[in-house]
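These figures come from a predicted structure and were not determined experimentally.
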Amino acid sequence: SATFGTLVAEALRISELTGGAFSPGVGALVAAWDLRGSGRWPSLEERRNAVARCRAGGVRYDPSTRELGLDSGVTLDLDGIAKGFALDRAAEALRARGVDDALLNFGGQILVIGPPAGRPPREAHVVSPFDASSPVLSVRLRDASLSTSSSSERARTVDGQEAGHILDPRTGELVFATGSVTVLASSGALADAL
């Protein structure tokens with residue numbers, strides 16, 4: 001569909017913007033680490049093979065024909081952008097119906113429509129990754145999206161070791177970081193992917 005194509009095109013744009021730190025072709029790595037299951041520690045050879053199959057260049061989309069092309073072994077995984085993209089589509093539908101002031105929340109990522117000039121911006125609080133009851137940052141929003149990610153969000157133990165959910169498609173490694181990252185962007189898709 002046109003919506004799916006728009007999602008893929010946006011994922012490819014953000015991949016280029018980030019120099020490959022975000023890749024829509026990351027499915028081989030997600031599978032190697034079993035991130036949709038209970039998790040596993042892939043061998044160095046498995047990680048190298050998966051990295052070779054997760055480059056963004058292995059995904060092509062032609063908006064004029066709506067054709068999606070994947071190199072052999074490349075698996076599309078849009079989990080890192082889909083929530084933000086869905087927020088953008090919801091906001092687009094609301095704006096088309098005349099809504100000029102709204103706050104949308106999808107699993108902790110927010111997108112603000114408006115508020116119109118003359119009204120104060122919305123305020124969002126970012127909580128501590130160490131204590132969800134403790135806000136550490138207040139952000140004023142107007143026509144923007146705010147997304148926060150941390151290793152503690154989906155922390156789990158695999159074979160006695162802590163394993164996160166954030167991958168670097170350029171190296172094939174899990175990214176471990178103490179704390180969290182919050183991104184304020186003009187669109188939900190961009191905030192989510194970054």
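- The shortest side-chain heavy-atom distance between F22 and L194 does not fall under the 4.5 Å cut-off.
- Salt bridge present: R95 and D143 bring a charged side-chain N and a carboxylate O closer than 4.0 Å.
- The shortest distance between side-chain heavy atoms of L7 and I81 falls below 4.5 Å.
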Evaluate the criterion side chain to side chain contact (heavy atoms under 4.5 Å, CB included) for residue pair L68 and F4; output intermediate values, then yes/no.
CA-CA 10 Å; L68 173 66; F4 178 73; 3.9 Å; yes

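- More than 12 heavy-atom neighbours from other residues, nucleotides or ligands sit within 6.0 angstrom of CZ on R13.
- Put simply, CG on L87 and CZ on F106 are 7.0 Å apart, with the number rounded to the nearest 0.5 Å.
- Environment of CD in E123: crowded, with over 12 heavy atoms of neighbouring residues, nucleotides or ligands closer than 6.0 Å.
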Between E46 and R40, does a salt bridge (charged side-chain N to carboxylate O under 4.0 Å, His left out) hold up when you go through it step by step?
CA-CA 11 Å; E46 288 173 308; R40 65 184 292 270; 3.0 Å; yes

Apply side chain to side chain contact (heavy atoms under 4.5 Å, CB included) to the pair L35 and L167, showing each step before the final yes or no.
CA-CA 10 Å; L35 294 185; L167 290 166; 3.5 Å; yes

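- Looking at R53 and N49, their side chains come closer than 4.5 Å, going by heavy atoms from C-beta outward.
- Evaluation of the salt bridge (charged side-chain N to carboxylate O under 4.0 Å, His left out) rule for D168 yields R170 as partners, not counting sequence neighbours.
- Residues L44 and R47 have side chains in contact (heavy-atom distance under 4.5 Å, counting atoms from C-beta outward).
- R89 has its side chain within reach of T3: a pair of non-hydrogen atoms, C-beta onward, lies under 4.5 Å apart.
- Residues L141 and L146 form a side-chain contact, since some pair of their non-hydrogen atoms from C-beta on lies under 4.5 Å apart.
- Distance check: T6 OG1 to F85 CZ gives 5.0 Å after rounding to the nearest 0.5 Å.
- Counting heavy atoms from C-beta on, the side chains of R36 and V30 come closer than 4.5 Å.
- Rounded to the nearest 0.5 Å, atoms CH2 (W41) and CG (D34) are 12.5 Å apart.
- Under the 4.5 Å side-chain criterion, counting only non-hydrogen atoms from C-beta, I110 is not in contact with L104.
- With sequence neighbours excluded, the residues forming a salt bridge (charged side-chain N to carboxylate O under 4.0 Å, His left out) with D101 are R119, R122, listed by chain and number.
- At most 12 non-hydrogen atoms from other residues, nucleotides or ligands lie less than 6.0 angstrom from CZ of R48.
- Rounding to the nearest 0.5 Å places CD of E10 at 11.5 Å from OG of S15.
- The side-chain hydrogen bond (donor to acceptor under 3.5 Å, both in side chains) contacts involving residues 182-194 comprise T148-T182, where partners must be two or more places apart or lie in separate chains.
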